[in-house]
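First up is the structure itself, then whatever we jot down about it.
In this text the structure is predicted, and so the values were computed from the model without any measurement. FYI, the numbering just counts along the sequence from 1.
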Amino acid sequence: MRTRLVQADANEEEGAPLNTPLVLSTTFRAHPEGVGFSAEELQEESPYFYARWSTPTVRTLERRLAELEGGEDALCFASGMAAITGLLLHLLGPGDHLVISDICYAGAAEFVRGKLRRFGVEVSLVDTSDLDQVRAALRPNTRLVYIESPCNPILKLTDVAAVAALAHGAGARLAVDSTLATPIGLQPLALGADFVIHSLTKYIGGHGDVLGGVVVGRRTDLAALRQDSLIHLGAVLNPFPAWLILRSLATLPQRMAAHEATARAVASFLETHPRVHHVLYPGLDSHPQVELARRQLRNTSGMIAFQTEDGPAVARRLADRLKVIKYAVSLGKPHSLVFYLPTEDLQRTSFQLPPELLARYRDWAGDGIFRLSIGLEAPADLIRDLEQALAP
């Protein structure tokens, strides 16, 4: 994979550029007998026509990401959230039923809780780490099961292969948000998923300077998604960020190896710190699903969740004292970032969890958690920074 990602731009012609050229044009020369203005006329072999449909730079990125995930094709969007909403609006309509993880990215949760339900889609919130709950939630009108593994922010895992079998047995399809795992750590399509989603803003972009999203899957499914959601909703990825993401792909395996190695070292340090009560990281033996992590993840990524006593006070201390780690949101960047997430805030911004689900969430996260995204700094520097910031 490392060699393929570096050599993907190779062009053996003398004088050819070694990197993918950036094509910024929004319009392309047409032919009177070529494609018309209707998206329904778009075919796989159609020439480039207008940038809302496709561009050479974005198409190169899509093909590269499809190969990386082992999919037949990919479709890029302007952000990870655009990829999520585009897929859900395409697949689901009035009377359809969605099974979705009770803990997932807040933007997806708010969209499902609000607009998707207003469109007449029935929604069931399920702890997808519990296969019995998934099985019980499936209905004759279930069209899609949507999971995130590891989930943001408490790093709970879902057995993708087992849930894929359950979904397909009920006539539904499976979509997996694999942003935290990246294609280096997890290959959902190989485990039976129908769609895999990434926020390209995070690890794949990797430098904190672009927004982007992608859906990877079967060629026929992605062609329909392009016509229905991308062209008509218009959340297209600009060629310049696509070109930056193409640049980043060449170093993705090395960056993920560094994120993982440093995260293991920092998580091990936090487990021994007297002020830290609970650490969640799939690369630790103490993770509640360590066996599934060993079986399913080839890289346990760079996100750590941890809990302290009096989280709000410790959050203020970290924000004031940290020198290397930045107190900020997001993840997957060269910089290490930390942010405190009270359980009540997560409840308000996600699914307004009922008491029984909130109690289960508290079993994992307590009254609140710190989300620590490990960057590319030296492990010893991060550990020293946390040590001095957590000191009395």
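Residues Val216 and Ala74 approach most closely at CG2-CB, 3.9 Å, considering heavy atoms. Pairing each heavy atom of Ile369 with each of Ala305, the nearest pair is CD1-CB, 4.1 Å. Minimum heavy-atom separation, Thr142 to His97: OG1-ND1, 2.7 Å. Residue Pro334 comes nearest to Gly208 through the heavy atom pair CD-N, 4.5 Å, listed as atom of the first residue, atom of the second, then distance. A pairwise comparison of heavy atoms in Leu155 and Tyr281 identifies CD1-CA, 4.2 Å as the closest pair. Looking at every heavy atom in both residues, Val160 comes nearest to Leu174 through O-CD2, 3.9 Å.
By the 4.5 Å heavy-atom criterion applied to side chains, Val314 and Tyr340 are not counted as neighbours. When side chains are defined from C-beta on, Asn299 does not count as touching Thr182, because their heavy atoms never get closer than 4.5 Å. Counting only heavy atoms from C-beta outward, the side chains of Ile184 and Met1 approach each other to under 4.5 Å. Inter-residue side-chain proximity for Val279 and Ser268 is flagged as unmet; no heavy-atom pair is nearer than 4.5 Å. Counting heavy atoms from C-beta on, the side chains of Asn19 and Arg247 never come closer than 4.5 Å. Side-chain contact between Leu125 and Val123 is present, with heavy atoms from C-beta onward closer than 4.5 Å. The shortest distance between side-chain heavy atoms of Ile325 and Leu372 falls below 4.5 Å. The shortest distance between side-chain heavy atoms of Leu65 and Leu61 falls below 4.5 Å.
A donor-acceptor pair under 3.5 Å is absent between the side-chain atoms of His90 and the main chain of Gly86, judged by distance alone. His207 places a side-chain N or O within 3.5 Å of a backbone atom of Gly205 that can act as its donor or acceptor partner. A donor-acceptor contact shorter than 3.5 Å links the side chain of Gln187 to the backbone of Leu68. Judged by distance alone, with hydrogens and angles left aside, the side-chain atoms of Ser336 form a donor-acceptor pair with the main-chain N or O of Gly375 at under 3.5 Å. The backbone N or O of Val23 lies less than 3.5 Å from a partner atom in the side chain of Thr57, making a donor-acceptor pair. Remark: the backbone N or O of Ile374 is paired with a side-chain donor or acceptor of His259 at under 3.5 angstrom. Under a 3.5 Å cut-off, the side chain of Ser79 and the backbone N or O of Ala82 do form a donor-acceptor pair. Here the side chain of Glu69 pairs no donor or acceptor atom with the backbone of Leu189 at under 3.5 angstrom. Side chain of Arg143 to main chain of Leu92: no donor-acceptor pair is present (N/O by atom type, distance under 3.5 Å, no hydrogens or angles). Without hydrogens or angle criteria, Glu260 side chain to Thr300 main chain gives a donor-acceptor distance under 3.5 Å.
The aromatic rings of Phe306 and Phe370 lie parallel to each other, with less than 30° between the two planes, well short of the 60° mark. Using cut-offs of 30° and 60° on the angle between ring planes, the pair Trp243 and Phe240 is parallel.
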**side-chain contact (heavy atoms from CB on, under 4.5 Å) evaluation trace for Val290 with Leu284** = CA-CA 7 Å; Val290 63; Leu284 291 178; over 6 Å; no
**Message:** Quick one, Glu67 with Arg63, criterion salt bridge (Lys or Arg N to Asp or Glu O under 4.0 Å). Give me CA distance, side-chain angles, the key distance, then yes/no.
**Reply:** CA-CA 6 Å; Glu67 181 183 6; Arg63 288 170 175 148; over 6 Å; no
**Asked** Given the rule in the side-chain contact (heavy atoms from CB on, under 4.5 Å) test, do Leu386 and Leu270 qualify, once you have shown the distances and angles that lead to the verdict?
**Response** CA-CA 9 Å; Leu386 286 166; Leu270 289 171; 4.2 Å; yes
**Request:** With side-chain contact (heavy atoms from CB on, under 4.5 Å) as the test, would you mind laying out the steps for Tyr146 and Leu88 before giving the verdict?
**Result:** CA-CA 9 Å; Tyr146 183 100; Leu88 293 178; 4.2 Å; yes
**Message:** Using side-chain contact (heavy atoms from CB on, under 4.5 Å), reason through Val214 and Glu62 one step at a time and then give a plain yes or no.
**Reply:** CA-CA 8 Å; Val214 69; Glu62 289 171 344; 5.5 Å; no
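The line from CD1 of Ile154 to CG of Leu341 is 11.0 Å long, rounded to the nearest 0.5 Å. To the nearest 0.5 Å, the span separating OG1 on Thr128 from CD on Glu148 amounts to 9.0 Å. Separating the CG atom in Leu211 from the CG atom in Asn238 is a distance of 11.0 Å, to the nearest 0.5 Å. Summarising the geometry, atom CZ belonging to Arg317 is positioned 13.5 Å from atom OH belonging to Tyr327; distances are rounded to the nearest 0.5 Å. In this structure, CG in Leu230 is found 8.5 Å from CZ in Arg52, a value given to the nearest 0.5 Å. With values rounded to the nearest 0.5 angstrom, Lys323 atom NZ is found 9.5 Å from Arg321 atom CZ.
Partners of Phe111 according to the ring pair (Phe, Tyr, Trp, His ring centres under 6.0 Å) rule, which considers only residues two or more places apart in sequence or in another chain, do not exist here.
More than 12 heavy atoms of other residues, nucleotides or ligands shown are found within 6.0 angstrom of CD on Gln388. Counted within 6.0 Å of NE2 on His273, heavy atoms from surrounding residues, nucleotides or ligands total more than 12; the atom is thus considered enclosed.
Partner of Val145 under the side-chain contact (heavy atoms from CB on, under 4.5 Å) criterion, chosen from Ile100, Val163, Leu98: Val163.
A salt bridge is absent between Asp130 and Arg135: the closest approach of a Lys/Arg side-chain nitrogen to an acidic carboxylate oxygen does not fall below 4.0 angstrom. Between Arg226 and Asp73 there is no salt bridge, since no side-chain nitrogen of the basic residue lies less than 4.0 Å from a carboxylate oxygen of the acidic one. A salt bridge links Glu291 with Arg294: the closest approach of a Lys/Arg side-chain nitrogen to an acidic carboxylate oxygen falls below 4.0 angstrom. At a threshold of 4.0 Å, the pair Arg173-Asp194 does not count as salt-bridged, since none of the basic side-chain nitrogens sits closer than that to a carboxylate oxygen.
Leu87 and Leu233 end up in the same hydrophobic cluster when Ile, Leu, Val, Met, Phe, Trp and Tyr side chains are linked at under 4.5 Å. Leu244 is connected to Leu331 through a chain of hydrophobic side-chain contacts under 4.5 Å among Ile, Leu, Val, Met, Phe, Trp and Tyr, so both are in one cluster. Taking hydrophobic clusters as Ile, Leu, Val, Met, Phe, Trp and Tyr residues chained together by side-chain heavy-atom distances below 4.5 Å, Phe339 shares a cluster with Leu390. Cluster annotation: Leu382 is connected to Phe269 through the hydrophobic network of ILVMFWY side chains, with a link wherever side-chain heavy atoms come within less than 4.5 Å. Note on Ile383 and Val338: same hydrophobic cluster, where clusters join Ile, Leu, Val, Met, Phe, Trp and Tyr whose side-chain heavy atoms are under 4.5 Å apart, directly or indirectly.
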